[in-house]
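A short write-up of the structure that comes next.
In listed order, ligands and their atoms are each counted from 1. Here, residue 1 is the first one in the sequence, and each next residue gets the next number.
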Amino acid sequence: MSSRTEIASLGEFGLIDHLTRNNETRNASTVVSVGDDAAVLDHFGKRVVVTTDLLIEGVHFDLVYTPLTHLGYKSVIVNLSDVYAMNAIPTQVTVSIGISNRFSVEALEEFYEGVYAACEKYNVDLVGGDTTTSNKGFIISVTAIGEVAEDRFVKRDGAKKGDLVCVSGDLGAAYLGLLLMEREKKIFLESPEVQPDLEGQDYILRRLLKPEARKDIIEFFEKNDILPTSMMDISDGLSSEILHICKQSNAGSILYEDKLPVADQSREFAFKLELDPTACALSGGEDYELLFTLDQKDYDKIVLNEQISVIGYITEPGEGVNIITRSGKKHAITAQGWNAFK
Ligand code: ADP
Ligand code: MG
């Protein structure tokens, strides 16, 4: 970055105009976008879903190792993931920022580059937001809006006895990426001359810094006429999410350790840190994969999809939420799944 433009030189309105000057509209449901008191949307008789997330510097992200472009991308992705978790298709986002003069216009341009990249990739429109000052730290609030046919949205409370418990992709990688970045940050603060050692860790780093939302899985459901009985996205960790589904569905569940999908790179890095990869898969957050339950009759429809793993099944509520380990032992799952393995 060569030049630095002060936000004050543009002013609030100038800054908003600048950041949204190339903003495009992709969806017919976007009737009025950025520039008025409110956006106007017309979803033509479909159900509309709305979700919002607040991200605070130092709590949810660390600018020491998070590039602003990636942060902009991820801020949108985490909200789109919540829309997909309802079996809906995201159509619009609003992005609100709290900034101090520590940030230049160029820094915000980088952040918006990520926002626009996510909007383009997921075919959503940026239709508004708010811009305000923050005394300390960068604050980001994104709201996403999506649509779904009135009989197709999927909640967390529909899992029933005998249903298959499934997850998309693999688990634990983002958490291991976070441990890697925290380790490198510590080394850097102690001895800034040491080059970061990120060799061979591209997968877990990408999962932390540039996650994707599982649009492909929702499209796969649509194409194959699959309607999960319950679904949510995995932001806090599998343990915590399966407990939510079971509680809200008034059900129990049995998961199998040997069925949990963990990528080779995650497993290797976990071993390097002397951590149990299963504990990382159960408790590591921010994977933004989908956890869902399916009626057994749908098994044939998903069995060939390598992006979907069947990891267990739903039981009676009285049986609790348990995992069967590789050695055949049964452990109760708690919100911090690793405790069960100590
Ligand atoms: P108001 O005072 O009515 O809230 P603003 O001046 O804050 O309006 O915003 C003007 C327009 O710019 C609105 O359409 C708003 O949604 C949009 N906007 C404001 N901040 C942002 C931002 N950070 N990103 C995208 N759009 C924004
Ligand atoms: Mg405003």
Closer than 4.0 Å to some heavy atom of [X] - which atoms of ligand 1 meet that?
X	result
D130	7 (O), 19 (C), 20 (N), 21 (C), 23 (N)
F13	6 (O)
G128	16 (O), 25 (C), 26 (N), 27 (C)
V34	12 (O), 14 (O), 17 (C), 26 (N)
D37	3 (O)
D36	13 (C), 14 (O)

Next on the checklist: In this structure, does ligand 1 have an atom that sits under 4.0 Å from one of the heavy atoms of L19?
Outcome noted: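 The answer is no, since L19 has no heavy atom less than 4.0 Å from ligand 1.
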Checklist entry - Are any of the heavy atoms in G35 under 4.0 Å away from ligand 1? => result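 Yes, G35 has a heavy atom closer than 4.0 Å to ligand 1.
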Checklist entry - So Y122 and Y84, would you call those rings parallel, tilted or perpendicular, with 30° and 60° as cut-offs? => result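 Tilted: the ring planes of Y122 and Y84 meet at 30° to 60°.
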Item to check | Ring center gap for F103 and F111 short of 6.0 angstrom | outcome: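 No - the distance between ring centres of F103 and F111 does not fall below the 6.0 Å cut-off.
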Item to check | Ring center gap for Y65 and F188 short of 6.0 angstrom | outcome: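 When the ring centroids of Y65 and F188 are compared, they turn out to be at least 6.0 Å apart.
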Item to check | Nearest non-hydrogen partners of V165 and I242, listed with the distance | outcome: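 Heavy atoms only, the tightest pair is CG1-CD1, 3.9 Å.
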Carboxylate-amine/guanidinium proximity below 4.0 Å for [X] and [Y]:
X	Y	answer
D225	R152	yes
K272	E274	no
R214	E289	yes
K259	E257	no

Next on the checklist: Which option wins on minimum heavy-atom distance to atom 18 (N) of ligand 1: G129, S33, A39?
Outcome noted: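 It is G129 whose heavy atom sits nearest to atom 18 (N) of ligand 1.
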Checklist entry - What part of Y112 sits under 4.0 Å from ligand 1 if we count only heavy atoms: the side chain, the backbone, both or neither? => result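 Only the side chain of Y112 comes within reach of ligand 1.
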Checklist entry - Hey, is T131 touching ligand 1 through its side chain, its backbone, both or neither, going by heavy atoms under 4.0 Å? => result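 Within the 4.0 Å criterion, T131 contacts ligand 1 through backbone and side-chain atoms alike.
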Checklist entry - Is the closest N or O pair between T20 and ligand 1 shorter than 3.5 Å? => result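 The answer is no, given that T20 and ligand 1 share no N or O pair closer than 3.5 Å.
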